[in-house]
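What follows is a short report on a single structure.
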There are 2 protein chains.
Amino acid sequence: MEIRTDLILGDSVKELKKLPDNSVDLIITSPPYADQRKDTYGGIHPNKYVEWFLPISKELLRVLKPDGTFILNIKEKVVNGERSTYVMELIIEMRKQGWLWTEEFIWHKKNSFPGKWPNRFRDSWERLIQFNKSKNFNMYQDEVKIPIGDWAKGRLKNLSDTDKVRDNAKNGSGFGKNVSNWVGKETVYPTNVLHLATECNNKNHSAAFPEELPEWFIKLFTKELDTVLDPFAGSGTTLFVSNRMKRHSIGIEIMPEYYEMIKSKIRPVELYILEPKTKYEKTRPESSYAIR
Amino acid sequence: MEIRTDLILGDSVKELKKLPDNSVDLIITSPPYADQRKDTYGGIHPNKYVEWFLPISKELLRVLKPDGTFILNIKEKVVNGERSTYVMELIIEMRKQGWLWTEEFIWHKKNSFPGKWPNRFRDSWERLIQFNKSKNFNMYQDEVKIPIGDWAKGRLKNLSDTDKVRDNAKNGSGFGKNVSNWVGKETVYPTNVLHLATECNNKNHSAAFPEELPEWFIKLFTKELDTVLDPFAGSGTTLFVSNRMKRHSIGIEIMPEYYEMIKSKIRPVELYILEPKTKYEKTRPESSYAIR
DNA sequence: ATGGGAAGTGAATCCCCAT
DNA sequence: AATGGGGATTCACTTCCCA
């Protein structure tokens, strides 16, 4: 089994045009933030952000499979004391392109340092906006189940009579439950709030997300041998995680420094296949890489 | 010292017009969401929601003091498998009215509604959108400081140079260089994510938010003897909390049942002032109420 | 007073079926 | 066809009750 990990040096719009229609199962990316300062990495002025992104999202819509998903990690910046509206405008415009705005997950960032500004608190959350091409997209919910809360231990120990049958709510809300269905249940489905730490070990890229973030969405929206795309590869997290999880992946990165950095981090992984497999195969699949 | 708690039976737009300009320090409200609570409020169709709300927000802008704040609790519902866009459209239109969209807090609900669907998880967060009239609004940050978390103690114990460098690089906020200021502190400023449970025990009103929610914003944005307004008083939580915290308050409620319910809950509080003060003054201020 | 167990319920959403 | 009502599904908290 061969897992492909393609890394492309170049501009996203231009390189995306070379990819075939309906070929990607999951797109997950954290594009460069809007920034008023011109000299920072990828800084796009907030007023130009929507205009800049729409040609990219148009290509993403084309390359995504009909049952695929696009996860956009983004947060609006503060400009002149106000939150910018470019994310909202972007969602509205992308819907006009044909995207469905299915859901907005929240990434609640743990471990963010306390801060102080005169008129706002530290921003400890980001948007994870889910777009789809159709309502019938693939979602493998069982892959991300979490342990049931501690309440279950006490509640399910001794069932009362009403717990053993379907107990309809007394107020006519139409809501009912059968508590006995939960006996022995170890895991439950999560919610749309993700509580993850911020990444602390990437010193070279300014917008790194933690590995758990792409991992969670890759588990949820793809199966093995599916293809994951990150049009702003940045520090390469999406690619490394995809490879480890036996998904093909494609990354595009315009900055030669980041391109080289990802390449250098991919090469050591490649070497694993030359060493005795028993040592690594649990965490590192047999893989090959194509670097363009 | 007299704390006024005015409760008005009537339509919000109409009753707001009777209030003087620049007279309110904080507006905090949770309007009926689109298509919700049909049996009580009639339900506003998602397509009509912005149109319905704009005349209200226009009056709110007029009655709010220049240094006051408006906190709007809202969440868009799912329509045909997609999140509705009316909240985003509302923010964009309110900015055209002259509102500043200063911040968006997240209310992370500890006990979100249960359920399972093939294409989405349980919704466990709501928006708390902060609007202002000017950039120089009152904010009493010290009133909501929280005990420093254990993670921070560990983190601040061993501050490395890379910590500071990394945080500077991340967002250019200049935050990193202040990290050392936090060493030895017992309390810190909170973030823009609030983690509270919904109120499930209110038999009479279906959409009560927990007392902690208005309490937190009242502490943050008002001082004693300021005036708080809730144009959709509902179960009256904002009014009760305001009174307890020695803020004047004005509530408007269109449904006679809720109006009567709030009134009946206010009256018992009134009686406290006739009883020996020592028993209650710690939690209940000396107060008077005007019921219209 | 305290504590543990029992019981009740919430701004939900999807799917099907009836007009 | 669109639109609307009703059933099914599900988690964690809070209050109540009794020892």
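Reminder, nothing fancy here: chain letters follow the sequence lines and each chain counts from 1.
- One finds a salt bridge joining B/Glu215 and B/Arg244 here, because a Lys/Arg side-chain nitrogen approaches an Asp/Glu carboxylate oxygen to under 4.0 Å.
- Atom NZ in B/Lys116 sits roughly 22 Å away from atom P in D/dG7 (whole-Å rounding).
- The side chain of A/Trp151 contributes an N or O atom lying less than 4.0 Å from OP1 or OP2 of D/dA12.
- A straight line from CZ of B/Phe113 to C1' of C/dG10 spans 5 Å, rounded to a whole angstrom.
- Nucleic acid contact for A/Ile148: sugar-phosphate only, since backbone atoms but no base atoms lie under 4.0 Å from a heavy atom of the residue.
- Regarding B/Lys75, its NZ atom lies at a distance of 13 Å from the C1' atom of C/dT13, rounded to whole Å.
- Between the NE2 atom of B/His108 and the C1' atom of D/dC13 there is a distance of 14 Å, given to the nearest Å.
- Counting only heavy atoms from C-beta outward, the side chains of B/Leu128 and B/Leu213 approach each other to under 4.5 Å.
- Using a 4.0 Å heavy-atom distance criterion, A/Lys185 is classed as a sugar-phosphate-only contact.
- Taking 4.0 Å as the cut-off between side-chain N and carboxylate O, A/Lys65 and A/Asp25 count as a salt-bridged pair.
- Salt-bridge check for B/Arg83 with B/Glu76: failed, with every basic side-chain N at 4.0 Å or more from each acidic carboxylate O.
- D/dT9 atom P lies 19 Å from atom CZ of B/Arg120, rounded to whole Å.
- Taking atom CD of A/Gln141 as the reference point, atom C1' of D/dT9 lies 12 Å away to the nearest angstrom.
- Using a 4.0 Å heavy-atom criterion, one finds that B/Arg127 contacts no nucleic acid atom at all.
- Atom P of nucleotide D/dA12 and atom NZ of B/Lys109 are separated by 14 Å, given to the nearest angstrom.
- Positionally, the nearest nucleotide of DNA chain C for B/Glu126 lies more toward the 5' end than for the other of B/Pro118 and B/Glu126.
- The residue B/Asn119 sits close only to the backbone: its heavy atoms come under 4.0 Å of sugar-phosphate atoms, none of a base.
- Residue A/Asp142 qualifies as enclosed at atom CG: its count of foreign heavy atoms under 6.0 Å is above 12.
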(message) Once pairs are restricted to Watson-Crick or G-U wobble with both distances under 3.5 Å, how does DNA chain D read as a dot-bracket string, [ ] for crossings and | for other-strand pairs?
(response) .||||||||.|||||||||
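- By the 6.0 Å and 45° rule, B/Lys265 does not stack over the aromatic ring of B/Phe240.
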(request) Decide yes or no on ring pair (Phe, Tyr, Trp, His ring centres under 6.0 Å) for B/Tyr86 and B/Phe53, but give the supporting numbers first. (result) CA-CA 10 Å; B/Tyr86 59 83; B/Phe53 197 80; over 10 Å; no
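- Following rounding to the nearest Å, B/Arg83 (CZ) and C/dT13 (P) show an atom-to-atom distance of 5 Å.
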